[in-house]
Amino acid sequence: MPTDDLPDFLADDNLPSKLDGVREEDDPILDGLTEPQKQAVLHTEGPLLILAAAGSGKTRVITRRIAQIIKQGTPPWNILALTFTNKAAGEMRERVTVQICGPQPPEQHTPDGEILKRPTDPQMRGLTVTTFHSLCARLLRRYAERANIEGLKPDYTIYDSSDQMAAMKKVLKAMSLQATNWPPRTVLSAISNAKNKLMDAKKYEANAFDYYSKQIAKIYLRYEAVLKQAGAIDFDDLLLYAVKMLETNSDIHNELASRWRHLMIDEYQDTNSVQFRLTSLLAAPPAPLPGMEHEPQSLNICAVGDPDQAIYGWRGADISNILDFENHFPGAKTILLGENFRSSAFILAAADSLIKKNNKRRDKPLFTSTTGGEPIAVIRVNNERHEGELVTDYFQRLHDDEGIQWKDMAVFYRTNALSRVIEDSMRSAGIPYKIARGTAFFDREEIKTTIAYLRVIANQADAISLLRVVNTPTRGIGKATLDVIQNAAIRANITLFEGLTRSKELGLSPRAVTSIDKFVTMINQWTGEGSFMGASVPSTLHELVERVITESGLEAHYKKQAKASGNETDEERLDNLSELITSARDFEREYDPANDPAAFTDPQAATTGDMGQVPELLAMLRAYLESIALVADADAVDTTSGSVTLMTLHASKGLEFPAVAMIALEEGTLPHSRANESQAELEEERRLAFVGITRAMKHLQITSANRRTIRGMTERTIPSRFLEEIGTEGIIVSDQTDVDFGAGERTGEYDDAFAPGHGSALRSSSNSFRKGSFAGFSPTSGPDSPKHKADLDKINRAREQRLANIVPRPTIACTHNTPTTPTSPKASSDATTTYPQGCIVRHPQFGEGTVMKTTAGSNARVIVEFKSVGRKTLVLEYARLKRVR
DNA sequence: TCGTTTCACTTTTTT
DNA sequence: AGTGAAACGA
């Protein structure tokens, strides 16, 4: 196959006959592509690096390239595409299918509304498009036992961060280390970093010379032992163990590397050392196979990424993987996709201006053939609630005036905690919204517990999950009893579950023994004593889940709670549990062992459905638990649902929206204060802002708040440096903060708290478009580039109009009590803790004082006579008052 | 043993 | 503010 220039490439491949002899322009695979895009699609042999700038049609190119490879006669079965999220993988699979098989029929529904599974198109059979973690999980499930990797069995449990935390606490306790000196979180992140650099516990120990690392090494070893005993591995282990397996088992390595002749990796800038190692191993068999000529340059590895969008350095991602691609893979061709097809020229100019401020960067072109666009609005506001109102006003306006649909709008923020206030605004404005938090559902207490039951069923050695469920709901197996059994189990070197089955030997109270027996019998019934056979064993996955929920007593427990307290959350819990049953039912429908890379290694086996001797229920349960363990926040993005999407900047990568609001562009938040230790970290924050801006297609609003309450503390903020760095072209800056009274910062004093909750008409007119309003940041007055003259004129007209509309702002006296619209019923009810006159309260800053007077209603105020500073008027919602007497 | 209260501490991002 | 763990009382 020729590679670079392909005037006649169509002649020698096996196109469907109707396309024979057509001109290149009519080829659906090359249709509408630019020259560099075509090159990328057609370069199917040998290493290829595609440096794809934001919005340069990257996904399109990958999809077409896969289609092209298949069209050239490579069976889909020989292709592996790796992504970082399930959603990205799913979309890619879908788009390749459409490209090759044409538009897919819509989902079919049965009369009772159930969705019928759409069968995998036979042409797509065996195409592997998945995430790094899923791939490894499946490979380990399939091969680890045979490869003898750390005694890992196919029933292993994947520990999420809370399980890791529980395991680590156990370790630290066993080593009698103080949690204050050895915070579990810190230790875990040290271990995670090590794992991401391919350092297992032994290697780490060998390289530990100072006291601290030696200690970490000891903890690391113990932690690994605890996981091993539980038959569990953590996220990082998934990759690490898979690499170990390939390194130590050349037959498996050969098998896989020769299966996947074409490798594509998306978001390559975010790969870490382990991922790099893994892809290198998969790209090349250890030795040429008989009958298979193998030269270095025949490695069909294609990496796609953008160094400017590297935002996972903190997770061990190594940007040099992409920068050194040409060195790692000799003979690699590099193709630059620099033309942006997504954003308006103004948005692109801002993004480009920002990213140019990074020093450690290979400058690369980022350009568009369009000009102008809607101006970017950069607005300084009073506080987070004011910000929320501005976001909802903005979206409402776009919706009503411009006809933009809710699903085409998104709010981005640096930290998850920032979503709350936006949610409140959305709710009170009546705008439908969804938060992209894939893990949120599975983080709920009741769901976690049920999942823990399922994990114990799949893997009885899993002590962490067992401890979670053994006395939930309470069944008389208390801490003291468990301590005895745990110690006995450790001494006898048996699992905790085995310890439970032998509780009679431990001289426990008959009462405790009875409770334990009942528990063990219950588990055994579900598993058929581990055989997954017999009359008492549920026949389907959703039936198993259903029975766990009822027979464990969880359902009864929450029902009782709901009845006793009338508590809404307990009702919710019951709903969630039935949703979990639904999710299991959905999984049953979707589950296709033949499409599971772990389930077969060649097409022959696929047809025989070779899953070993594993009973179907168990196999499905394992796959279900695995899928749950590997959901990402970004997977929950659903841009078809007719709602505005709220998400972190990290989750926004790879997406695009016609309208975007970025919030909290403040020093300490973006760039985040925790990422301020080095230049590298600051540059990563800048890339994060860059990613956010480049998601926006037409409309972009960026806000920063004068004051922000974080963890109950209201503080003044400084606008983010990034606001200056985006330049001035096509940007309207406005300051919509109220007059600052200057006094009483961070105290919840009257003047601060006054601003939120008033009609937005008043505020949006106040101080608008004050020139040079903050941080040396001058508003755009226009003209420089004649290219954008028309648009800039438009901006100026808009500004003039706004200025003309400004109504003089009424002077606000401190006693003036303007009627307010409650921001949300919830917020005001939270704040109506009443303080009777004369009671003694404590303020975090002013100390103790006596309550003189209180006013009720929303924005309730209280006048307190403080010992230290005298009489103050405080807003209850803001002032963190504590009642002393 | 269980349930409530209090206190201390915190998460920046996530597979 | 919200969570999780320890402490306390029943």
Side-chain angles (χ1 to χ4, degrees), chain A residues 82-89 130-137 158-162 164-166 169 173 179-180 183-186 189 192 195-196 234-240 267 270-272 274-275 310-317 384 412-418 420-421 436-439 443 445 471-482 509 511-512 515 561 564 626 629-636 647-653 664 668-677 681 684-685 687-689 691-692 709-714 827 830-831 844 877-878 880 882:
Chain A
L82 290 172
T83 63
F84 277 86
T85 67
N86 298 301
K87 181 164 184 278
T130 188
T131 66
F132 275 101
H133 287 84
S134 289
L135 176 76
C136 292
I158 301 169
Y159 274 1
D160 66 22
S161 42
S162 70
Q164 284 180 271
M165 191 71 92
K169 281 177 182 164
K173 204 176 163 191
T180 41
R185 226 195 147 73
T186 314
S189 91
S192 174
K195 286 181 176 177
N196 285 333
D234 62 29
F235 285 130
D236 301 316
D237 288 333
L238 283 171
L239 303 170
L240 193 61
E267 307 286 10
D270 288 329
T271 52
N272 61 28
V274 192
Q275 284 153 345
I311 54 175
Y312 285 101
W314 52 274
R315 213 166 68 187
E384 63 271 18
F412 301 156
Y413 36 81
R414 178 64 176 84
T415 67
N416 280 302
L418 294 166
R420 184 168 288 274
V421 189
R437 282 223 93 181
T439 52
D443 277 343
E445 175 198 304
N471 201 30
T472 317
T474 49
R475 48 172 76 89
I477 307 173
K479 196 172 168 295
T481 311
L482 280 172
S509 72
R511 213 189 140 114
S515 301
Q561 290 246 308
E626 178 192 299
L630 300 178
V631 283
D633 282 358
D635 297 338
M647 70 184 102
T648 62
L649 284 162
H650 283 89
S652 77
K653 196 176 63 168
T669 304
L670 182 65
H672 199 272
S673 51
R674 300 254 172 169
N676 245 339
E677 278 162 33
E681 283 179 319
E684 182 154 310
E685 294 290 303
R687 289 193 292 269
L688 200 47
V691 165
T709 308
I710 296 166
R711 283 209 292 267
M713 284 258 242
T714 305
D830 284 343
E877 210 173 327
Y878 272 42
R880 285 148 296 135
K882 251 193 185 158

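Nothing here was measured: the structure is a model prediction, and the numbers come from that model. Naming: A, B, ... by sequence-line order, numbering from 1 per chain.
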Find every protein N or O atom lying less than 3.5 Å from an N or O atom of nucleotides 2-5 of chain B, and list the pairs.
{"unit_1": "dC2(B)", "atom_1": "OP1", "unit_2": "G476(A)", "atom_2": "N", "d": "3.2"}
{"unit_1": "dC2(B)", "atom_1": "OP2", "unit_2": "N471(A)", "atom_2": "ND2", "d": "3.2"}

Expected rows: protein N/O vs nucleotides 4-10 of chain C N/O, under 3.5 Å:
{"unit_1": "dA5(C)", "atom_1": "OP1", "unit_2": "K169(A)", "atom_2": "NZ", "d": "3.1"}

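Considering only residues two or more places apart in sequence or on other chains, A88(A) meets the side-chain contact (heavy atoms from CB on, under 4.5 Å) condition with T83(A), T85(A). In this structure, D160(A) has no salt bridge (Lys or Arg N to Asp or Glu O under 4.0 Å) partners at least two apart in sequence or on a different chain. Residues passing the side-chain contact (heavy atoms from CB on, under 4.5 Å) test with S509(A), sequence neighbours excluded: R511(A), A512(A).
If you measure from atom CE of M165(A) to atom P of dC9(B), you get 15 Å, rounded to the nearest angstrom. If you measure from atom CE of M713(A) to atom P of dC9(B), you get 14 Å, rounded to the nearest angstrom. Taking atom CG of residue D443(A) and atom P of nucleotide dT3(C), one finds them 11 Å apart after rounding to whole Å.
Here the side chains of E267(A) and Y312(A) are not in contact, with every heavy-atom distance at 4.5 Å or above. Within the 4.5 Å cutoff, no side-chain heavy atoms of D633(A) are placed close to those of T648(A). L630(A) is listed as a side-chain neighbour of L238(A), based on a closest heavy-atom distance under 4.5 Å.
Remark: the separation of the P atoms in dG4(C) and dT13(B) is 15 Å, to the nearest Å.
By the 4.0 Å N-to-carboxylate-O rule, R420(A) lies too far from E384(A) to be salt-bridged with it. Contact check on D234(A) versus K195(A) returns a salt bridge, with a Lys/Arg side-chain nitrogen under 4.0 Å from an Asp/Glu carboxylate oxygen.
Side chain of Y159(A) to main chain of F235(A): no donor-acceptor pair is present (N/O by atom type, distance under 3.5 Å, no hydrogens or angles). Under the 3.5 Å distance criterion, the side-chain polar atoms of D635(A) are matched with a main-chain donor or acceptor of N86(A).
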Base versus backbone protein contacts along nucleotides 10-15 of chain B [heavy-atom cut-off under 4.0 Å; B, S, -] = BSBBBB
